[in-house]
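Chain letters run A, B, ... following the sequence lines, proteins first, then strands; residues in each count from 1. These numbers were taken from a predicted model, which means no experiment stands behind them.
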Amino acid sequence: MRWSNLFIPTLRDAPADAEAASHKLLVRGGFIRQLHAGHYSLLPLGLKVHDKVAGIVRHEMNAIGGQEFLLPAMHPASIWRESGRWEVMGDEMFRLEDRKGAELALGMTHEEVFTSLALEISSYKALPQIWYQIQWKFRDEPRPKSGLLRVREFAMKDSYSFDVDRAGLDRSFDLHHHAYVRIFDRLALPAIPVEASSGAMGGSGSTEFMVPSNAGEDDVIRCPTGDYAANLERATSMLPPIADRTELVDLTRLATPGIRTIAALGEIEHGAPAVHQIKTMVMVLDGEITLALVRGDHQLNIQKLLDATGTTELRPATPEETVEHLGASPGSLGAVRVEGIRIIADEILRGRVGLTTGANEDDWHYTGVSVERDIAVDQWADLRNVSAGEACPNCGAGLELVRCIESGHIFKLGTKYSEALGATVLDPDGKNVPLVMGSYGIGIGRAVAAIAETHHDDHGLIWPVSVAPYEVVITIVSMKDDASVAVAESLYADLRARGIDVLLDDRRARAGVKFADAELIGVPYRVTVGPKALADGEVEFTDRADGESSRVTCQAITDLVAGAVVSAR
RNA sequence: CGGGACGUGGCGCAGCUCGGUAGCGCACCUGCUUUGGGAGCAGGGGGUCGUGGGUUCAAAUCCCGCCGUCCCGACCA
């Protein structure tokens, strides 16, 4: 294409409200424009990248036997009621009514609709099936942010596997895992597969593909040796055992006037170091007051509590609720001899004695607490946040904490949706069994942003050839130099004939402007045609990634460019 | 939802404290010069100052409501 005919509105300044590098550069480079919060228009350049990413995803899905569908974006409420998610999804689902007053939703994911199609599978002989689509999803995110990274309307590749049993699901899951590795490899995204929480999707296991970036919103715990990686919501670690203060045998009340924090309680006479304290968090799980107990120096991980209890809605109790149920205010709370309230405790507290905790009376604590003897724990679970530096559960090395963009997520769903919608098949024994399902997602726009986030420098974007809006740009230094124009036009025609995605910068602009724009929009290779080199029968070839330039003869340039592009695709 | 900030041509900003008919840079148009890293000079076009109301002779500016956008937190396949 000829730049002079294209709509590529580059900006010298990024909008003031852009924060993330990908956001600034995608706007500055003329790839996207915001319509309103969480909704972006893809401009021609942005759509080209988006299409190329989708094309790679599509190719790899087809390679594992996936079949492409296109399902409606708007769904009747009934199908979401059948799965129980009409209520579960809460405010995150866009809901509307049609003229007849029928309730509708904009799809945020498509388990229900795909499963309804799977009702037509009636025999195990038709399995396995892998179905996918690339379709727009709508989610009423509480806080859209960072350009394309978190939006309310976005294209997603979502696929679904249907198998007759768990072993089949494991195979389909592995196929997807490998396809995802290939996809992220081709996208040049250094995605780390990590153990993850299944959240509201339900199911038995899930893996996220996480791209390290400080623009991300997820924390990953990773072992530097590479033998362990998990979302903080799932991560575990080995902790050195704590020697209990066994001299504190008897449950004893301790006056602690004005002491409200773990730290303060560690400093007073007869106080206790944080590792010998129990932190008591009062939470409301689906409307039920619950005490969550962790060690004094630990932090409660909300997602772990949700997962351990199967809760859909969780919030901290209000100060009023806390006083009503426990008789004291935060700072003096504990679970000792508490009855009639659900108590969930972190595994690390199991068997501990000689502990200190609040006495549920302002300004009083207990010491000598034995967890087994004094606290009626209803459920033990891993509830604590892992911190950087703790020991890897596999090898003991110090764990690191990495901020990441969640770029893909694959789930073993099991039979939750097939049972809810009655999607069953006859197995070899003639028995009716529910389909065993998996679901697998990659956000296309988020992948575009993640690539931008990880492939840029001070001058602009540096697209990998696989997704670049154009593979090469021919920059004509001076449109008034007829020889330059002729050589550039000839090269342009040759490269197009070779199937190269080439952009001819034929604008009547100064060379500096053209160089700066080419770098901003991140075209991986540039051929500069100008009188200087042309006097020697040469042009310049520049690699955007390293900035290296070389002189190449006019005869050799076509092969060189085509070779570089094709090998990098 | 809690906290904070901001809404003035396409983008970046000043003007607001102390009310008096809107300005700068970039971009855009015309001309001349320039021409290998975001040119110079001259001329020019473009703004219901987010919105509704109030105060006032007079409101971008003061007051109130609303809307929108961004950031932090909460939340979030």
For nucleotides 1-8 of chain B, which of its nitrogen or oxygen atoms have a protein nitrogen or oxygen under 3.5 Å away, and what is each distance?
none

_I'd like the P distance from B:C62 over to B:G20, given in whole Å._
11 Å

*Using atom P of each nucleotide, how far apart are B:U17 and B:A59 to the nearest Å?*
14 Å

*State whether the distance check finds a donor on one side and an acceptor on the other, under 3.5 Å, for side chain A:R526 versus base B:G37.*
yes

*Return yes if a side-chain donor-acceptor contact under 3.5 Å exists between A:T115 and A:E111, otherwise no.*
no

_Judged by each residue's nearest nucleotide on RNA chain B, which is more toward the 5′ side, A:P15 or A:L35?_
A:P15

*Residue from A:W463, A:F541, A:Y470 passing ring-ring contact (aromatic ring centres under 6.0 Å, His included) with A:Y525*: A:F541

*So what's B:U61 paired with, Watson-Crick or G-U wobble, going by both distances under 3.5 Å?*
none

*Does A:K145 make a side-chain N or O approach to OP1 or OP2 of B:C72 shorter than 4.0 Å?*
yes

*Which part of the nucleic acid does A:E519 contact within heavy-atom distance under 4.0 Å: base, sugar-phosphate only, or nothing?*
base

_Regarding A:A37, tell me which of base, sugar-phosphate or nothing describes its non-hydrogen contacts under 4.0 Å with the strands shown._
sugar-phosphate

_Pairwise P distance, B:G50 and B:U30 [rounded to whole Å]_ = 32 Å

*C1' atom, B:C11 versus B:G38: distance in rounded Å?*
15 Å

*According to the Watson-Crick and G-U wobble definitions, with both distances under 3.5 Å, which nucleotide is paired to B:U56?*
none

*Verdict with supporting geometry, A:E540 and A:S549, side-chain hydrogen bond (donor to acceptor under 3.5 Å, both in side chains)*: CA-CA 6 Å; A:E540 281 164 61; A:S549 282; 4.6 Å; no

*If only side-chain N and O atoms of A:Q34 are considered, is one of them under 4.0 Å from the OP1 or OP2 phosphate oxygen of B:C70?*
yes

*asked:* Within the 4.0 Å heavy-atom criterion, would you say A:P531 contacts the bases, only the backbone, or no part of the nucleic acid?
replied: base

*Is B:G50 paired to anything, Watson-Crick or G-U wobble with both distances less than 3.5 Å, and if yes, which nucleotide?*
B:C66

*Name the pairing partner of B:U34, where a pair is Watson-Crick or G-U wobble with both distances under 3.5 Å, or state none.*
none

*Just grab all the side chain to side chain donor-acceptor pair (under 3.5 Å) pairs involving residues 149-158 of chain A, residues at least two apart or on different chains.*
A:H39-A:R152, A:H39-A:E153, A:Q133-A:D158, A:K137-A:D158, A:D140-A:R152, A:E141-A:R150, A:R150-A:E217, A:K157-A:S159, A:K157-A:Y180, A:D158-A:Y160

*For B:C28, which nucleotide is its Watson-Crick or G-U wobble mate, given both distances must be under 3.5 Å?*
B:G44

*Verify salt bridge (Lys or Arg N to Asp or Glu O under 4.0 Å) between A:D297 and A:R384, making sure each step is shown before the conclusion.*
CA-CA 10 Å; A:D297 59 325; A:R384 69 182 182 89; over 6 Å; no

*asked:* Tell me whether the side-chain N/O atoms of A:R12 come closer than 4.0 Å to OP1 or OP2 in B:C11.
replied: no

*Atom CZ of A:R85 to atom P of B:C76: distance rounded to whole Å?*
15 Å

_Span that lies between the C1' atom of B:G15 and that of B:A74, in whole angstrom_ = 38 Å

*Is it the case that A:S22 and A:E453 place a side-chain donor and acceptor less than 3.5 Å from each other?*
yes

_Between B:C49 and B:G9, how far apart are the two P atoms, rounded to whole Å?_
10 Å

*Apply side chain to side chain contact (heavy atoms under 4.5 Å, CB included) to the pair A:I410 and A:F173, showing each step before the final yes or no.*
CA-CA 7 Å; A:I410 59 180; A:F173 187 86; 3.5 Å; yes

*Should B:A74 form a Watson-Crick or G-U wobble pair with both distances under 3.5 Å, which nucleotide is its partner?*
none

*Earlier contact from the 5' end, RNA chain B, for A:L520 and A:Y440*: A:L520

*Return the value, rounded to whole Å, for the distance between atom CG of A:L11 and atom C1' of B:C28.*
13 Å

_Without decimals, in angstroms, what is the distance between A:H459 NE2 and B:G37 C1'?_
10 Å

*Can you list the steps and then say if A:D517 with A:R507 is a side chain to side chain contact (heavy atoms under 4.5 Å, CB included)?*
CA-CA 11 Å; A:D517 273 346; A:R507 293 175 297 168; 2.9 Å; yes

_A:K24/A:E19 under salt bridge (Lys or Arg N to Asp or Glu O under 4.0 Å): CA gap, chis, key distance, verdict_ = CA-CA 7 Å; A:K24 290 182 187 168; A:E19 192 88 354; over 6 Å; no

*asked:* Once you apply a heavy-atom cut-off of 4.0 Å, does A:R315 come out as touching a base, just sugar-phosphate, or nothing?
replied: nothing

*Quick one: label A:A533 by what it contacts on the DNA or RNA (base, sugar-phosphate, nothing), any heavy atom closer than 4.0 Å.*
base

*asked:* Roughly how many Å apart are B:U8 and B:C13, using the C1' atom of each and rounding to a whole number?
replied: 10 Å

*asked:* Categorize A:D517 for me: base, sugar-phosphate, or nothing, with a 4.0 angstrom heavy-atom threshold over every strand shown.
replied: base

*Distance in angstrom units between A:M108 CE and B:C75 P, rounded*: 17 Å

*If only atom types and distance count, is the side chain of A:H178 paired as donor or acceptor with the main-chain N or O of A:D174 below 3.5 Å?*
yes

*Between B:C32 and B:G37, how far is it from one C1' atom to the other, in whole Å?*
24 Å

*Across all strands shown, which nucleotide pairs with B:U21 by Watson-Crick or G-U wobble geometry, both distances under 3.5 Å?*
none

*Rounded to the nearest angstrom, tell me the gap between atom NZ in A:K514 and atom P in B:U35.*
16 Å

